[in-house]
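Have a look at the structure below, then the notes.
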Amino acid sequence: MSGTKTAASVTADVSEKMIDGDYQTDYEAGQDNVNPFGLEMHNPVFFISAVLTMTFVILTLAFPETANTGLEATKAWTLEHFDWFFVIASNFVLLFCVAVAISPLGKIRLGGADAKTEFGTASWIAMLFSAGIGIGMVFYGSAEPVAYYTSWGGTPLNVEPRTPEAMSLALGATVFHWGLTPWAIYAVIGLALAFFAFNKGLPLTIRSAFYPLLGERIWGWPGHLIDILAVIATIFGLATSLGLGAQQAATGLSFLFGIEANLTSQLLLIAVITGLATVSVVRGMDGGIKLLSNINMVLAASLLAFVFIAGPTLQIISGFGTTIVSYAEYAVPLSDWTGREDKAWYHGWTIFYWAWWVSWSPFVGMFIARISKGRTIREFLTVVLVVPVIVAIIWFTTFGVTAIEQIKDGIGQLPAGISEAPLVLFQMLENMPFPYIASSLAIILLIVFFVTSSDSGSLVVDAITAGGRTDAPVTQRIFWAILQGLAAAALLVGGGAGALGAMQAGTIASGLPFTLVLLVCCYSLFKGLMSEYSVLKTQRVAV
């Protein structure tokens with residue numbers, strides 16, 4: 001192809017530059033830019049990922065019962081044989097992040113010593129949350145602590161439900177699932193991508209993180225396979241979140257306007273919000289994701305402030321201390337995978353969460369990398385790990401304590417237990433001042449989070465399937481936004497009444513192979529950072 005380097009010439013360039021500790025390449029080698037529709041598609045990653053996803057969507061919609069049976073069987077097999085693997089991997093990744101942050105490697109700046117940040121700190125943090133956990137925090141903010149407190153799906157560590165100890169453990173276990181461990185998983189992928197892209201000049205795609213181990217083979221099938229696994233994991237992780245968001249938004253509309261919260265309304269919501277995400281895609285990073293992320297933060301802060309003020313404020317304030325102590329006290333027992341007597345709860349919640357976070361890690365990690373140029377590694381890891389824990393403690397304590405106090409006082413419908421997880425938030429808000437206004441705010445927040453996740457997810461998947469390009473045609477991002485919506489719809493249809501179980505099954509199955517990729521990525525990142533540190537020391541750069 002005219003103007004395109006051969007694989008051999010790029011390999012020579014890369015090998016020569018590695019002598020100086022730089023892997024820089026324009027990554028034109030190995031790309032087959034097929035442009036029948038003006039697209040820049042990286043063969044075979046684009047086609048294989050698209051075909052696999054569309055095949056799943058078509059077969060699931062055509063044979064929903066068979067698909068649900070297959071998903072549940074896959075989930076059961078994975079939990080039975082690999083629950084330990086998810087837990088060990090997650091624990092290791094957290095310890096790895098802490099070790100890198102406190103080591104001299106933490107002084108390395110993403111993009112080089114003179115790199116400048118692209119976004120202000122406030123916008124940077126806002127985008128982290130909007131892409132990372134927005135929908136989940138709204139969905140589970142009240143539901144998860146209430147589930148643990150009332151033994152809906154079991155209780156953590158088999159604690160007696162509806163006791164003071166159950167309340168303490170409910171808050172601590174919830175933050176355990178949303179705190180340091182998931183964000184360490186995001187951070188490893190994000191740091192690896194940012195380092196190899198901004199410091200070494202490699203394309204912003206998952207395969208780049210494995211250059212120290214695979215060398216020029218990342219341009220071939222080993223690299224293709226890594227990127228395909230990343231795309232499939234991301235699609236299922238996003239589809240799960242979008243499905244949860246559609247369920248809760250439909251439930252909220254039913255609460256406010258009496259619209260039946262059935263499969264039809266959920267699919268309609270997915271279609272509408274996918275359309276809104278497409279508009280956001282067309283508007284670009286600043287006019288789309290950045291704007292919506294800042295709006296999200298204002299809406300989320302407003303809802304949080306309302307619940308804090310209108311709810312049992314004194315108990316919430318006291319609950320902050322309870323949550324912190326409980327998280328610190330039970331983090332190790334909850335991280336143990338041996339001899340668990342609470343196996344149903346452990347599989348249904350912890351393993352699902354770890355698989356969900358792993359599935360989301362290519363998406364969130366790449367998005368974090370995309371917006372984090374100019375930060376030092378220590379700053380990057382500190383913010384990505386610590387700030388979310390603080391926010392999780394505030395968010396889940398405020399919503400969890402408010403809901404649990406209503407149960408303890410016999411107020412409203414929650415004392416009878418959870419009938420549907422998406423309904424818990426609205427059942428809680430129903431017993432507070434201005435219930436319709438508060439519920440409307442929650443639905444708007446959920447929808448904006450929904451749109452932001454879909455938009456940023458399509459950005460990431462497009463970058464992977466376009467070989468790391470961040471300037472691929474908008475039509476490709478639109479394609480992936482639509483395909484994500486279709487995958488979410490397929491999981492809802494295939495799951496039927498047990499749609500939540502189907503979404504969990506898809507997430508766990510897709511997260512398993514990428515967990516191995518995650519562990520290998522830690523080793524490859526460590527090799528790359530050590531190489532960079534040695535070069536900087538040799539060049540007498542302050543590190």
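Treat the numbers as computed from the prediction; the structure is a model and nothing was measured.
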Let me confirm one number: the [atom1]-[atom2] distance from [X] to [Y], rounded to the nearest 0.5 Å.
X: Tyr330; Y: Ser335; atom1: OH; atom2: OG; answer: 14.0 Å
X: Thr205; Y: Ile226; atom1: OG1; atom2: CD1; answer: 9.5 Å
X: Leu213; Y: Leu525; atom1: CG; atom2: CG; answer: 10.5 Å
X: Thr397; Y: Ile324; atom1: OG1; atom2: CD1; answer: 7.5 Å
X: Glu532; Y: Phe196; atom1: CD; atom2: CZ; answer: 9.5 Å
X: Thr53; Y: Ile235; atom1: OG1; atom2: CD1; answer: 5.0 Å

> Step by step, would you call Leu529 with Ile377 a side-chain contact (heavy atoms from CB on, under 4.5 Å)?
Replying inline: CA-CA 10 Å; Leu529 292 176; Ile377 289 178; 3.4 Å; yes

>> What I want to check is whether the side chains of Thr465 and Trp480 have a donor and an acceptor closer together than 3.5 Å.
In response: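 A pair is found: one side chain offers a donor N or O, the other an acceptor, under 3.5 Å apart.
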
Show the nearest heavy-atom pair for residues [X] and [Y], with the distance to one decimal.
X: Leu171; Y: Pro145; result: CD2-CB, 4.4 Å
X: Phe399; Y: Leu304; result: CE1-CD1, 3.9 Å
X: Gly511; Y: Val358; result: O-CG1, 3.5 Å
X: Leu445; Y: Leu303; result: CD2-CD2, 4.0 Å
X: Ala249; Y: Leu446; result: N-CD2, 3.4 Å
X: Asn199; Y: Gly111; result: OD1-N, 2.8 Å

For a 4.5 angstrom cut-off between non-hydrogen side-chain atoms, does [X] reach [Y]?
X: Met366; Y: Ile189; result: no
X: Thr350; Y: His177; result: yes
X: Phe210; Y: Tyr523; result: no
X: Tyr327; Y: Thr174; result: no
X: Ile351; Y: Phe82; result: no
X: Phe396; Y: Trp178; result: yes
X: Thr515; Y: Phe86; result: yes
X: Leu110; Y: Lys373; result: no

Between [X] and [Y] (side chain of the first, backbone of the second, donor and acceptor by atom type, cut-off under 3.5 Å), is there such a pair?
X: Trp183; Y: Pro388; value: no
X: Ser208; Y: Pro203; value: yes
X: Ser359; Y: Ala355; value: yes
X: Arg109; Y: Lys116; value: no
X: Ser524; Y: Cys521; value: no
X: Thr234; Y: Ala230; value: yes

>> Under the criterion side-chain contact (heavy atoms from CB on, under 4.5 Å), I'd like the reasoning laid out for Val45 against Arg207: C-alpha separation, chi angles, the key distance, then a yes or no.
In response: CA-CA 11 Å; Val45 176; Arg207 70 176 71 200; 3.4 Å; yes

> Can you list every pair that meets salt bridge (charged side-chain N to carboxylate O under 4.0 Å, His left out) and has a residue in residues 379-399, with sequence neighbours left out?
Replying inline: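 Those involving residues 379-399 are Arg375-Glu379.
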
>> Quick one, Met530 with Leu105, criterion side-chain contact (heavy atoms from CB on, under 4.5 Å). Give me CA distance, side-chain angles, the key distance, then yes/no.
In response: CA-CA 7 Å; Met530 288 299 296; Leu105 300 176; 4.0 Å; yes

> Per the side-chain contact (heavy atoms from CB on, under 4.5 Å) rule, which among Ile394, Val387, Val389 passes with Val391?
Replying inline: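 Only one option passes, and that is Val387.
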
> With Phe96, which of Asn91, Leu519, Val188 fulfils side-chain contact (heavy atoms from CB on, under 4.5 Å)?
Replying inline: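 One option only clears the test, and that one is Val188.
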
>> Please evaluate residues Phe479 and Phe46 with respect to the criterion side-chain contact (heavy atoms from CB on, under 4.5 Å), reporting the C-alpha separation (whole Å), side-chain torsions for both, the decisive distance (0.1 Å), and the verdict.
In response: CA-CA 11 Å; Phe479 169 82; Phe46 184 101; 3.9 Å; yes

> In terms of ring plane angle, is the pair Trp357 and Tyr353 parallel, tilted or perpendicular, where the classes change at 30° and 60°?
Replying inline: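 The rings of Trp357 and Tyr353 lie parallel, inter-plane angle below 30°.
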
> Parallel, tilted or perpendicular for Phe352 and Trp356, by the 30°/60° rule?
Replying inline: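 Taking Trp356 first and then Phe352, their aromatic rings lie parallel (interplane angle under 30°).
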
> ring pair (Phe, Tyr, Trp, His ring centres under 6.0 Å) between Phe139 and Trp395: does it pass, once the steps are laid out?
Replying inline: CA-CA 12 Å; Phe139 187 95; Trp395 184 272; over 10 Å; no

> Quick check: are there more than 12 heavy atoms from other residues, nucleotides or ligands sitting under 6.0 Å from CZ of Phe308?
Replying inline: yes

